[in-house]
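Notes follow once the structure below has been shown.
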Amino acid sequence: MRIGAHVDPADPLAEAAARRAEVVQFFLADPQGWKDPQAREDAAALRDSDIDVFIHAPYVINVATPNNRIRIPSRKLLVSHAHAAAAIGARALIVHGGHVNKGDDLATGIDNWRKTFAYAAESGGFVTQILIENTAGGDNACARRFDALARLWDVIGEFGVGFCLDTCHAHAGGEDLVDVVDRVKAITGRIDLIHANDSKDGFDSGRDRHDNLGSGNIDPDLVVAAIRAAGAPAVVETPGGVTGQSADIAYLRERLNG
Ligand SMILES: [Zn+2]
């Protein structure tokens with residue numbers, strides 16, 4: 001199982017080496033902004049590297065919302081990120097499931113997801129594999145509770161979309177980590193990436209605060225079991241920089257190989 005970390009985008013290959021990571025994930029643009037990604041000077045180095053590269057889309061993206069002023073730029077930003085991710089040889093582009101607002105019908109959000117793939121298809125489809133990630137909070141999220149996820153996948157599963165399971169988000173979102181991989185796979189048929197994070201907050205808290213493995217509310221055995229059951233690469237999105245993440249990576253590697 002290949003293990004790595006979410007790192008600073010300035011020099012991801014150096015960050016990977018510092019952590020002995022086999023996988024890196026990073027942002028191609030400000031995660032809180034709407035700017036398209038810029039071409040990277042290290043594109044060829046990233047493409048040629050043995051390190052598996054995953055790109056996380058900006059947090060501002062919400063393709064599900066009925067609000068045109070968020071939804072339309074979200075679609076465009078997702079497409080531009082898919083192109084930029086392809087240019088550096090990224091394995092996939094991870095995007096949060098998004099949400100509708102209080103009082104809105106979840107079905108509208110799910111149909112907006114379908115329209116996102118239809119929009120991308122007009123220009124040849126997403127050029128990088130899209131992975132939808134489960135989220136921790138909100139009562140109207142498309143990918144917090146797995147009953148909503150099942151409704152989403154009924155509509156968009158045909159577009160070849162993949163899934164990223166975040167263990168912190170599942171726990172804080174109110175989905176038990178016991179048998180979580182089986183329950184997700186029953187819906188999506190696949191898990192392409194695990195975000196292996198502990199949670200500072202309790203079960204079903206709805207809060208999204210990651211912690212180092214074994215330091216928070218989640219039994220780390222359940223994180224290890226999820227990676228093993230998924231058979232997918234894992235990325236820690238945990239605090240503590242090189243020291244904290246290296247310890248998390250070493251822990252997972254020892255547990256998974258031991
Ligand atoms: Zn995550």
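Given the structure is predicted, the values throughout are model-derived calculations rather than measurements. Indexing begins at 1, ligand by ligand and atom by atom, following the structure's order.
Ring orientation note: the planes of F159 and F117 are close to parallel, at an angle under 30° on the 30°/60° scale.
In summary, D204 and R144 engage in a salt bridge, as defined by a charged side-chain N under 4.0 Å from a carboxylate O.
Between the D192 side chain and the C164 main chain, no donor and acceptor come within less than 3.5 Å of each other. Looking only at distances, no side-chain donor or acceptor of R183 sits under 3.5 Å from a matching main-chain atom of F146. With hydrogens and angles disregarded, a donor-acceptor distance shorter than 3.5 Å links the side chain of R71 to the backbone of T65.
Inside a sphere of radius 2.8 Å centred on the Zn ion (ligand 1), the protein N/O/S atoms present are E133 OE2, D166 OD2, H195 ND1, E237 OE1.
A cation-pi contact, defined as under 6.0 Å to the ring centre and within 45° of the axis, links R75 to Y119.
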